[in-house]
Amino acid sequence: PYVDTKVILENADKNGYGVPALNINNLEFLHYIIEAGVKMNSPVIIETSQGAMKYAGNGDFRKGAELFVKMVKTFADEVDIPVALHLDHGKDFEYIVTAIKAGYSSVMIDASEHPFEENMKRTKEIVRIAHAAGVSVEAELGQLAGVEDEAVAAENVLVNPEEAKIFVEETGVDFLAPAVGTSHGAFKFKGEAKIDYDRIKKVKEYTKIPLVLHGASSVVPEFVEIAEKHGADFGGAKGVPADILREAVKCGINKVNTDTDLRIAFVAGLREFLNNNPKEFDPRKYFKLAKEYTIKVISDRMEVLGSAGKA
Ligand SMILES: O=C(COP(=O)(O)O)NO
Ligand SMILES: [Ca+2]
Ligand code: NA
Ligand SMILES: [Zn+2]
């Protein structure tokens, strides 16, 4: 069934596991996520960025939002696992309100590049509107380096746990994304991968709400290698290893935003298949390996995060 993201995350919080929040831009990735969720008996949070809304609507983000809600609801109504649709990195008021109007389960207001007071003000405004419509809200404190859809943050600004306490009390936000050392994309760490567990624990202790880890892709070496064997150049790619994800969940993370891993698995399968099947041009065939690898990476992540078997 199609559910409110809050239902999924409160269950995850109560039972101490993480749920993958998986970004889509098209029908194929939605297919693969649902298939993995059903196979693993895991709840799933589908999420789309503002750019994905524009892309799906061929430039018209309102059409894109409508399309995503129809697609996700169609799949959700057919399966027994809980399925939610979330607007990821909502920055612009009209995109966020459009997602609410279209029927998204939840929306993120990402005002984290603004000063604390401004972030609170913008978040409060969205919480008031979203809650009036029965929609839950995610906000962000601190900054992740790397590209965040449109905005590019220079470097990491880690969350201040005391600020997080005030922020959640003042805004009434339903879940919070604290910046704790990750970043978006495939090049997360120059040195060894590490995130600030202490900050996660403190933010959890002070806010007692479900927490979100952004930039959580592992950048799985197996798929990086396959992609590079077939012409990709991802030199220096490094993500958040499974053991760090498990520890982050133990410290209080419940929603684990994962986009890059799906992209790498898909392109690895696509490159391998195309290289080995020069005569093939039927998309229902040449996406086959891409589909297999993407379902595999999602299924493995559900095991790592503990959402497998929890639907
Ligand atoms: O935070 C993410 C995805 O992060 P990755 O690039 O690590 O998949 N989406 O909001
Ligand atoms: Ca941000
Ligand atoms: Na999000
Ligand atoms: Zn993110």
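All ligand and atom numbering here is 1-based and tracks the order in the structure. Only heavy atoms go into these numbers, but all of them, side chains included; no hydrogens, no water, no symmetry mates. The shown structure was predicted, so the numbers you read here are calculated from the model rather than taken from an experiment.
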- Shortest-distance N/O/S atom, His184 versus the Zn ion (ligand 4):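 Atom name of the closest N, O or S in His184: NE2.
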
- Of all N, O or S atoms in His214, which has the smallest distance to the Zn ion (ligand 4)? ND1

- Item | Donor-acceptor contact present, side-chain Asp261 to main-chain Ser217, <3.5 Å | no

- Under 3.5 Å, is there a donor-acceptor pair between the side chain of Asn160 and the main chain of Glu163?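 Side chain of Asn160 to backbone of Glu163: a pair is present.
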
- Does any N, O or S atom of Asp88, backbone or side chain, fall under 3.0 Å from the Na ion (ligand 3)? yes

- Query: Within His89, is some N, O or S atom less than 3.0 Å away from the Na ion (ligand 3)?
  - Reply: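 Looking at His89, which is the residue asked about, there is no N, O or S atom under 3.0 Å from the Na ion (ligand 3).
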
- Message: Run the side-chain contact (heavy atoms from CB on, under 4.5 Å) test against Phe266 and tell me which residues pass, sequence neighbours left out.
- Response: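 Phe29, Tyr32, Leu270, Phe287, Ala290, Thr294.
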
- Query: Who passes side-chain contact (heavy atoms from CB on, under 4.5 Å) against Ala111, sequence neighbours left out?
  - Reply: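 For Ala111, the residues satisfying side-chain contact (heavy atoms from CB on, under 4.5 Å) (neighbours in sequence not counted) are Ile109, His114, Asn119, Arg122.
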
Side-chain donor-acceptor pairs under 3.5 Å in residues 247-257, sequence neighbours left out?
from, atom 1, to, atom 2, distance (Å)
Asn254, OD1, Lys204, NZ, 2.8
Asn254, OD1, Leu211, N, 3.3
Asn254, ND2, Tyr17, O, 3.3
Lys255, NZ, Glu47, OE1, 3.1
Lys255, NZ, His86, NE2, 3.4
Lys255, NZ, Glu138, OE1, 2.7
Lys255, NZ, Asn257, OD1, 2.9
Asn257, ND2, Glu47, OE2, 3.2
Asn257, ND2, Asp88, OD1, 3.4
Asn257, ND2, His214, ND1, 3.3
Asn257, ND2, His214, NE2, 3.4

- What distance do Phe61 atom CZ and Gln50 atom CD have between them, rounded to the nearest 0.5 Å?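 Phe61 atom CZ to Gln50 atom CD measures 8.0 Å (nearest 0.5 Å).
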
- Query: Under a strict 4.0 Å criterion on non-hydrogen atoms, which protein residues are in contact with ligand 1?
  - Reply: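 Within 4.0 Å of ligand 1, protein side: Asn23, Glu47, Asp88, His89, His184, Gly185, Lys188, His214, Gly215, Ala216, Ser217, Asn257, Thr258, Asp259, Thr260.
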
- Query: What about the rings of Phe273 and His230, do their centers lie closer together than 6.0 Å?
  - Reply: no

- Query: Does the side chain of Ile34 reach to within under 4.5 Å of the side chain of Val79, using non-hydrogen atoms?
  - Reply: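 Contact flag for Ile34/Val79 side chains = yes.
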
- If you have a sec, read the angle at the Na ion (ligand 3) from Glu138 atom OE2 over to Lys255 atom NZ, to 10 degrees.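 Rounded to 10°, it measures 80°.
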
